[in-house]
*Asks:* 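Got a structure for you, questions after.
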Amino acid sequence: MAADTTLIILGASGDLTSRLLLPALGQLLTREPGRSVRLHGAGMDDWTDEHWREAVKKSFQTTDAAAAFDQVSQTTYSQADITKAADLQKLLDDAEGRPALYFAVPPAIAEKACLALSDVKIPEGTVLALEKPFGTDEASAHRLNQQLAKLVPEDQVFRIDHFLGRSTVLNLLGARFANRLLESVWSADDIGSVEIDYPEPLGLEGRAGYYDGAGALVDMIQSHLLQVMAFVTMEPPASLNQLDLRDATSAVLRATHVRDDDPVHNSRRARYTAGDVGDRHFPSYVDEPGVDAARGTETLAEMTVEVRNARWQGVPITLRSGKALSSGHRAITVTFKPVRHLPGGFVGESEPSELVFSLGPDTMSLGLNVNGADDPLELERVTLAADLGEGALKAYGEVLSGILDGDAMLAVRGDAAEQCWRIVQPVIDAWRANEVPLDEYPAGTAGPAGWSE
């Protein structure tokens, strides 16, 4: 029986494929054993089919998906230069069913491949899946979008943001829209601030060639956290289909700007110096292999934005992420405003309520002030918590499921990708002009002294 889809992984011999894509595919096929898919790998390395199959099998085993290998045991591999039209044409001609090209390659190579596709006869229904970052600024993202529009319809372009495959982000939608208690207070009337924080204990992990030219602002805030913010702040969509959901997230991104149009006072940056994260020692960032110290690349970035619409006007939304940090709290934190009036006579804790969605392990907690057990007039803090689990699939499993089903609900639309560049550009410009100091922090700490936790 012919496969419904042929998943063609471009860059099949790379780290992204072995570490994330193949384990997620194995998990997806374990969960959905009836799924009809053919797998084909393509890369610059001179691998045999047998070598590729062994690599696939080994990756499947990392997620206890060894049994699922039988579904793709006839997978094949091609040595190919994906920047050449002839090589791409052969890959598409050999595909069964609907081809899905997954560009597991650096962004610059993916862009060259998309240009080469102009001279290729692309089968109807072909899906193009591209990793972020998408372009290097708003203008380049726009040019790439125009090129892709010449190749396939927009709903067949998957700009991958694995953060949108996270079960926590999906759980956020359920909490927001299925509970009158939250839905009725989800605005500037009751919310004082929002923080989205994603500290990472990892360092460069061999990615200096890319990371030193990008930094934390582009790598995490532009590429991922702004998309998460859009889910937190978007207007309620009519449905969760790709059209309604992506209309809602794109609309809120268009309304998002650096707070007060002042990137100097609403952004901070820093880079790590030598230190220990757990049992790992990190040299100073500037001494890492492949790093050009003169670039002044930041490894910790923070910016505060605002959404200029009726729902969110005046609410500061802070986005923060960095590398080589202590095990901080990866979370979306929604802090509500204080009560309008606290009756006299109460003593003790009366801080504003906080709703926290942890980004792994996936939990939701609500901090409230309640009467103390010993003194009924003394308020104390309690936390109501729910374990949301890991979700049925890993983030890339959700991504691959959407690609194979042709459902772009969790993919980033072209205009949204351009808006994310527009939002961060004033901060990039201020940093390049050295209008914002480049602070330092020892690896393994929470960040520079003086920065809020």
*Asks:* Enter the distance from Met364:CE to Ile332:CD1 here, rounded to the nearest 0.5 Å.
*Replies:*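 Met364 CE to Ile332 CD1: 11.5 Å, rounded to 0.5 Å.
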*Asks:* Would you say that Leu130 contacts Cys114 through its side chain, given a criterion of any heavy-atom pair below 4.5 Å between the two side chains?
*Replies:*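 Heavy-atom side-chain distance check passes, below 4.5 Å.
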*Asks:* I need the minimum non-hydrogen distance between Glu235 and Phe177, along with the two atoms involved.
*Replies:* O-CZ, 4.5 Å
*Asks:* Here's a test for you: under side chain to side chain donor-acceptor pair (under 3.5 Å), which of Thr249, Asp247, Asn145, Asp155 qualifies with Arg413?
*Replies:* Asp247
*Asks:* Should Leu438 and Arg269 be marked as a side-chain contact (heavy atoms from CB on, under 4.5 Å) after you check the CA-CA gap, both sets of side-chain angles, and the distance that decides it?
*Replies:* CA-CA 5 Å; Leu438 180 60; Arg269 58 177 178 154; 4.0 Å; yes
*Asks:* Let me see the working for Ile160 and Ile403 under side-chain contact (heavy atoms from CB on, under 4.5 Å), right down to the final yes or no.
*Replies:* CA-CA 10 Å; Ile160 302 303; Ile403 291 169; 3.9 Å; yes
*Asks:* I would like to know whether Trp312 and Ile191 meet side-chain contact (heavy atoms from CB on, under 4.5 Å); could you show each step before the answer?
*Replies:* CA-CA 9 Å; Trp312 294 106; Ile191 291 176; 3.8 Å; yes
*Asks:* With distance as the sole test, does Asp362 use its side chain to make a donor-acceptor pair with the main-chain N or O of Leu388 at under 3.5 Å?
*Replies:* no
*Asks:* Would you check if the side chain of Trp421 reaches a backbone N or O of Phe134 as a donor-acceptor pair within less than 3.5 Å?
*Replies:*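 Yes, the answer is positive, given that a donor and an acceptor are paired below the 3.5 Å cut-off.
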*Asks:* Look only at the side chain of Ser284 and the backbone of Val286, and say whether a donor-acceptor pair between them is shorter than 3.5 Å.
*Replies:*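 Judged by distance alone, no pair lies under 3.5 Å.
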*Asks:* Side chains of Ser13 and Trp47 only: does a donor on one sit below 3.5 Å from an acceptor on the other?
*Replies:* no
*Asks:* Under 3.5 Å, is there a donor-acceptor pair between the side chain of Asn309 and the main chain of Arg311?
*Replies:*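 Pair found, side chain donor or acceptor close to backbone of Arg311.
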*Asks:* Are Arg207 and Asp219 within salt-bridge range, i.e. N to O under 4.0 Å?
*Replies:* yes
*Asks:* Indicate whether the side chain of Tyr441 and that of Thr299 have a donor and an acceptor atom separated by less than 3.5 Å.
*Replies:*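 Thr299 and Tyr441 do have a side-chain donor-acceptor pair below 3.5 Å.
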*Asks:* Is the number of heavy atoms from other residues, nucleotides or ligands within 6.0 Å of NZ (Lys337) greater than 12?
*Replies:* yes
*Asks:* Within the 4.5 Å heavy-atom criterion, are Val307 and Val315 side-chain neighbours or not?
*Replies:*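 In short, these two side chains do not touch, never coming nearer than 4.5 Å.
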*Asks:* Under the side chain to side chain contact (heavy atoms under 4.5 Å, CB included) test, which residues partner Gln425, sequence neighbours left out?
*Replies:*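 Here the qualifying residues are Asp137, Ile428, Asp429, Arg432.
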*Asks:* Identify all side-chain donor-acceptor contacts of residues 377-386 below 3.5 Å with residues at least two apart in sequence or on another chain.
*Replies:*
| from | atom 1 | to | atom 2 | distance (Å) |
| --- | --- | --- | --- | --- |
| Arg381 | NH1 | Glu351 | O | 2.9 |
| Arg381 | NH1 | Pro352 | O | 3.2 |
| Arg381 | NH1 | Asn369 | OD1 | 2.9 |
| Arg381 | NH2 | Pro352 | O | 2.7 |

*Asks:* In chain order, what residues pass the ring pair (Phe, Tyr, Trp, His ring centres under 6.0 Å) check against Tyr396, with sequence neighbours excluded?
*Replies:*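 Counting only residues at least two positions away or on another chain, Tyr396 forms a ring pair (Phe, Tyr, Trp, His ring centres under 6.0 Å) with His162.
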*Asks:* Applying the salt bridge (charged side-chain N to carboxylate O under 4.0 Å, His left out) criterion to Arg159, which one of Glu154, Glu418, Glu131 satisfies it?
*Replies:* Glu154
*Asks:* Between Leu300 and Tyr272, is there a side-chain heavy-atom distance shorter than 4.5 Å?
*Replies:* no
*Asks:* Can you see which heavy atom on Pro448 is nearest to which on Ala270, and at what distance?
*Replies:* CG-CB, 3.6 Å
*Asks:* Main chain of Ser321, side chain of Glu200: is a donor-acceptor contact present, judged purely on distance under 3.5 Å?
*Replies:* no
*Asks:* Checking Arg176 side chain against Val232 main chain: does a donor-acceptor pair fall under 3.5 Å?
*Replies:* yes
*Asks:* What heavy-atom pair brings Trp431 and Arg268 nearest, and what distance separates the two atoms?
*Replies:* CZ2-O, 3.4 Å
*Asks:* Does the side chain of His142 come within less than 4.5 Å of Gln146's, by heavy atoms?
*Replies:*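 They are in side-chain contact.
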*Asks:* Which pair of non-hydrogen atoms, one from Tyr77 and one from Met44, has the smallest distance, and what is that distance?
*Replies:*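 Minimum heavy-atom separation between Tyr77 and Met44: OH-N, 4.1 Å.
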*Asks:* Quick one: salt bridge (charged side-chain N to carboxylate O under 4.0 Å, His left out) pairs with a partner in residues 440-450, sequence neighbours left out?
*Replies:* none
*Asks:* If we only count heavy atoms from C-beta on, is the His281 to Asp276 side-chain gap below 4.5 Å?
*Replies:*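 Counting from C-beta outward, His281 and Asp276 do come under 4.5 Å.
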*Asks:* For Ser223, which residues count as a side chain to side chain contact (heavy atoms under 4.5 Å, CB included) partner, sequence neighbours excluded?
*Replies:*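 Ser223 satisfies side chain to side chain contact (heavy atoms under 4.5 Å, CB included) with Lys132, Pro133 only.
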*Asks:* Could you give the distance from CG (Leu22) to CH2 (Trp52), rounded to the nearest 0.5 Å?
*Replies:* 4.5 Å
*Asks:* Given 3.5 Å as the limit, does a donor-acceptor pair link the side chain of Thr304 with the main chain of Pro316, or not?
*Replies:*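 Between the backbone of Pro316 and the side chain of Thr304 there is no qualifying donor-acceptor contact (under 3.5 Å).
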*Asks:* So, using ring pair (Phe, Tyr, Trp, His ring centres under 6.0 Å) as the criterion, who are the partners of Phe60 when residues are at least two apart?
*Replies:* none
*Asks:* To the nearest 0.5 Å, tell me how far Leu20 CG sits from Asp15 CG.
*Replies:* 7.0 Å
*Asks:* Using a strict threshold of under 4.0 Å (side-chain N to carboxylate O), is an ion pair present between Arg308 and Asp261?
*Replies:*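 Looking at Asp261 and Arg308, the cut-off is met.
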*Asks:* Mind listing the closest non-hydrogen atom pair of Asn179 and Gly174 along with its distance?
*Replies:* ND2-O, 3.5 Å
*Asks:* Hey, is NE2 on His265 packed in by over 12 heavy atoms from elsewhere, all under 6.0 Å?
*Replies:* no
*Asks:* Looking only at atom types and distance, does a side-chain atom of Gln222 sit under 3.5 Å from a main-chain N or O of Cys420, one as donor and one as acceptor?
*Replies:*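 Not a single qualifying donor-acceptor pair exists.
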*Asks:* Please name the pair of heavy atoms, one in Thr17 and one in Ala104, separated by the smallest distance, quoted to 0.1 Å.
*Replies:*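 Taking every non-hydrogen atom into account, OG1-CB, 3.7 Å.
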*Asks:* With a 4.5 Å cut-off on side-chain heavy atoms, are Gln419 and Leu226 touching?
*Replies:* no
*Asks:* Could you check if a side-chain atom of Tyr285 sits within less than 4.5 angstrom of a side-chain atom of Asp212, using non-hydrogen atoms only?
*Replies:*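 Yes, side chains in contact.
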*Asks:* Can you tell me how far CH2 of Trp186 sits from OG1 of Thr233, rounded to the nearest 0.5 angstrom?
*Replies:* 10.0 Å
*Asks:* Would you compute the distance between atom CZ of Arg35 and atom CG of Leu28 and round it to the nearest 0.5 angstrom?
*Replies:*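 Reported value, rounded in 0.5 Å steps: 5.0 Å.
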*Asks:* Just say parallel, tilted or perpendicular for the rings of His224 and Phe163, cut-offs at 30° and 60°.
*Replies:*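 The arrangement is parallel - the two ring planes meet at less than 30°.
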*Asks:* So, does Ser59 use its side chain to make a donor-acceptor pair with the main chain of Ala55 at under 3.5 Å?
*Replies:*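 Yes, because the side chain of Ser59 sits within donor-acceptor range (under 3.5 Å) of the backbone of Ala55.
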*Asks:* Could you walk me through whether Asp197 and His329 pass the side-chain contact (heavy atoms from CB on, under 4.5 Å) test, one step at a time?
*Replies:* CA-CA 7 Å; Asp197 198 4; His329 200 36; over 6 Å; no
*Asks:* Could you check whether any side-chain heavy atom of Leu400 comes within less than 4.5 Å of a side-chain heavy atom of Tyr102, counting everything from C-beta outward?
*Replies:* yes
*Asks:* Given 3.5 Å as the limit, does a donor-acceptor pair link the side chain of Asn371 with the main chain of Pro376, or not?
*Replies:* yes
*Asks:* How many angstroms lie between atom CG of Leu202 and atom NZ of Lys323, to the nearest 0.5 angstrom?
*Replies:* 6.0 Å
